Student: 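This structure is in structure tokens; I'll ask about it shortly.
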Amino acid sequence: MNDLRVPIGSFFALVGAILCATGLAANYQAPLELENVNLYCGVSMLIFGAVMLWLARRKSRS
Amino acid sequence: MRLAPVDYLILSLYFVFVLSIGWIVKRKVATSADFLTSGRSVPVWITSLAFIAANLGAQEVIGMCASGAKYGIMTAHFYWIGAVPAMLFVGVFMMPFYYGSRARSVPEYLKLRFDEKTRALNALTFAVMTVFSSGISMYALGLLFELVLHWSFTSSVLLSAAIVLVYTFLGGLTSAIYNEVLQFFLIVLGFAPLAIFVVMKTGGWNGMAARLPEVMTHTWRYAGSASENPMGVEVFGLVAGLGFVLSFGYWCTDFLVVQRAMAAESMSAARRTPLIAAFPKMVMPFIVIVPGIAALALSHMALGYSIPLKASGGPDYDQTLTTLMAQFYPSGMLGLGLTALMASFMSGMAGNVTAFNTVWTYDLYQGHIRKHAPDSHYLFVGRVTTVVGVALSIGTAYLASHFNNIMDFLQLVFGFVNAPLFATFLLGMFWKRATGHGAFAGLLAGTGAAAVTHGLTLAEGKGGWLGAVLHTFPSTMAQNFWIAIFAWSTCLVVTLLVSLMSAPKVESELHNLVYGLTAIPHEDVPWYKRPAPLALIVIAALVLLNVWFW
């Protein structure tokens, strides 16, 4: 494997997408938390995953 | 706790990624060095994160959250005083000898520096300890998932063991290290939101602090005397016992963590590994300890949340983390949180298995059983050892589930064995007159001193088995700190005396092993990549944190 950022980025991008989709479709709520936890965390993970993938891509080009 | 399909989806996605990483790394494994030491080729950001992740098992995460609820922010001493200074020391002062000696393991360094018997003693005790830690971690996983999700003990133990076996068997140390990095991000991204949500619920940091006794949100203010803080420790025991002996003994000599730095691609990268790792290590308390503190505040809020109770009636702090997850995470994030827990159990196990592998193959098998075989033979032995290591861990997990007392006893004995270690390394690396006989005698005497201290003192009903009780400690934690202090001092004195009475090693054999006979390579790198400036930045940040949460 050339760059560990690729699998890590892909993993979190995928999980982020799954969480966003869950948050938008179902809005599950936890007993003590009324916010849409899945959506917030999903968006953060999607961003994290995308940054990792972008960093890996930038390196492989240079 | 009930899981929805989306939770299982996330968990299985993680398994797929872990196994694929093992599969992809496999292509790079051609020699025993690739398998057991990563061929010294891993980039520094990866070794740094693996350096702390190898220690950040699930028991650690669950235990730190529990201690947060029990002792408050004082628990952060285990990170700020009990880890960071030692990490700086190993990076700045010790890594030139570990990495420069070309030793493949910590016991092998002892063989080069001292002699065969010192290595054999260290390798043997280390091998036994790693197998047991790995088994205990597996046992904890089985127990937790049985309790929280009603999965059967056997199926969670076997499932996690099988996955660990497959990816370590395929890719060896590199595979374990890569997965530790994935696990590190999982823990951070899986538990940081929990810390944020729970603290916000209690009204932010100030709201939380207002609902708790003062001592829960201060690290030093109540550390002056043991009766003022819930840990029951006083400042000397804390700083000398935890901050010096125990923490330096672990972070500077335990092969499990040192192995990560030794896998780095260059001397400069090896030295930077623990220094860079110190930055995330410093902020970990906010992710793993703060939820526990907030849980206690939450239980005073009449929201229906309370710290779970044991069957016997007392608070069961170990369940704090999982009950918080159940209260604050809906299906989806709940799956990710559980995946993070599962991941940290598995990488704790994999860390132990890979360290066991290297020590068994190089230090015990190659050192004592078959000395001059072709490399392919040792690669084969390494692979077989992976299978044996996992099998032994499973055996230990079952042993632990049937004989809890044996495990407590073994952990006590391991503590006695580990306590004096740092004195041996300190003298070995910085005093060229220290000899093999001295080191060996010092280690045995230190372990003996630890046992005697435990036998002559009492804390919470523990110890005192030698008949006479000379001192009673306010807590077992204080007792542990003082056992370590006595063990370390005894080892230091005995090693000094015996060394002076025995013949020194000739200086030509000590190059690259001892301070004064080792050329520290001048590194042509920008200042922010040099160990000393990095260490100073870490120290400044550490002081700031301690003052802030004084």
Side-chain angles (χ1 to χ4, degrees), chain A, chain B residues 4-7 9-10 13-14 16-18 20-28 42-43 45-46 49-50 171 174-175 177-179 181-186 188-190 192-194 196-198 200-201 298 301 303-305 323-337 339:
Chain A
M1 175 163 27
N2 300 319
D3 197 333
L4 180 57
R5 284 172 287 201
V6 176
I8 290 180
S10 328
F11 176 75
F12 283 104
L14 264 172
V15 170
I18 294 172
L19 287 179
C20 286
T22 313
L24 290 173
N27 195 11
Y28 289 126
Q29 280 178 348
L32 283 182
E33 187 58 61
L34 306 177
E35 300 289 342
N36 196 333
V37 173
N38 282 333
L39 188 61
Y40 296 162
C41 297
V43 170
S44 336
M45 275 174 222
L46 205 54
I47 295 172
F48 174 77
V51 169
M52 284 299 237
L53 287 173
W54 175 72
L55 285 172
R57 205 179 135 90
R58 202 183 57 159
K59 188 167 179 213
S60 72
R61 275 188 179 168
S62 62
Chain B
V6 60
D7 299 318
L9 178 67
I10 293 173
L13 197 65
Y14 170 71
V16 171
F17 268 80
V18 170
S20 345
I21 289 179
W23 184 253
I24 301 168
V25 168
K26 175 175 164 267
R27 286 183 311 186
K28 288 211 301 193
V42 184
W45 71 275
I46 295 179
L49 293 180
T174 314
S175 181
I177 287 182
Y178 281 15
N179 279 307
V181 175
L182 177 59
Q183 169 239 337
F184 171 80
F185 287 117
L186 258 173
V188 173
L189 293 170
L194 187 67
I196 296 170
F197 288 130
V198 185
M200 274 168 60
K201 194 82 188 175
L298 201 65
M301 284 175 68
L303 287 169
Y305 177 83
T323 51
L324 282 179
M325 281 165 59
Q327 295 294 326
F328 283 84
Y329 279 172
S331 289
M333 256 324 261
L334 190 60
L336 190 83
T339 306

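Please read all numbers here as calculations on a predicted model, not as lab measurements. So you know, we letter chains A, B, ... as the sequences are listed, proteins then strands, and number each from 1.
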Student: In this structure, are over 12 heavy atoms from other groups packed under 6.0 Å from B:W45 atom CH2?
Tutor: yes

Student: State which residues pass side-chain contact (heavy atoms from CB on, under 4.5 Å) with A:L24; sequence neighbours excluded, sorted by chain then number.
Tutor: A:L39

Student: Give, as side chain, backbone, both or neither, the part of B:L189 having an atom under 4.5 angstrom from any heavy atom of chain A.
Tutor: both

Student: With side chains defined as the heavy atoms from C-beta onward, is the minimum distance between A:F11 and B:F185 less than 4.5 Å?
Tutor: no

Student: Using non-hydrogen atoms only, which part of A:S10 is less than 4.5 Å away from chain B: side chain, backbone, both, or neither?
Tutor: both

Student: Quick check for you: to the nearest 0.5 Å, what is the distance between B:I46 atom CD1 and A:D3 atom CG?
Tutor: 7.0 Å

Student: Give the minimum heavy-atom separation between A:C41 and B:F197, together with the two atoms involved.
Tutor: SG-CE1, 4.3 Å

Student: Can I get a per-line list of side-chain donor-acceptor pairs under 3.5 Å for residues 323-334 of chain B, giving both atom names and the distance, sequence neighbours left out?
Tutor:
unit_1	atom_1	unit_2	atom_2	d
B:T323	OG1	B:Y305	OH	3.0
B:T323	OG1	B:Q319	O	2.9
B:T323	OG1	B:T320	O	2.8
B:Y329	OH	B:G190	O	2.6
B:Y329	OH	B:L194	N	2.9

Student: Does some side-chain heavy atom of A:V15 sit less than 4.5 Å from a side-chain heavy atom of B:T339?
Tutor: no

Student: Checking A:F12 against B:L186 for the side-chain contact (heavy atoms from CB on, under 4.5 Å) test, could you report, in this order, the C-alpha distance in whole Å, the side-chain angles of both residues, the deciding distance, and whether it holds?
Tutor: CA-CA 9 Å; A:F12 283 104; B:L186 258 173; 4.1 Å; yes

Student: Got A:L4 and B:L182 here, is their nearest side-chain heavy-atom distance under 4.5 Å?
Tutor: no

Student: Might you confirm whether atom CE of B:M200 has over 12 heavy atoms from other residues, nucleotides or ligands at distances under 6.0 Å?
Tutor: no

Student: Could you measure the distance from the CD1 atom of A:I8 to the CG atom of B:L49? Nearest 0.5 Å is fine.
Tutor: 8.0 Å

Student: Side-chain contact test, heavy atoms from C-beta onward, threshold under 4.5 Å: evaluate it for B:L13 versus A:I18 and give yes or no.
Tutor: yes

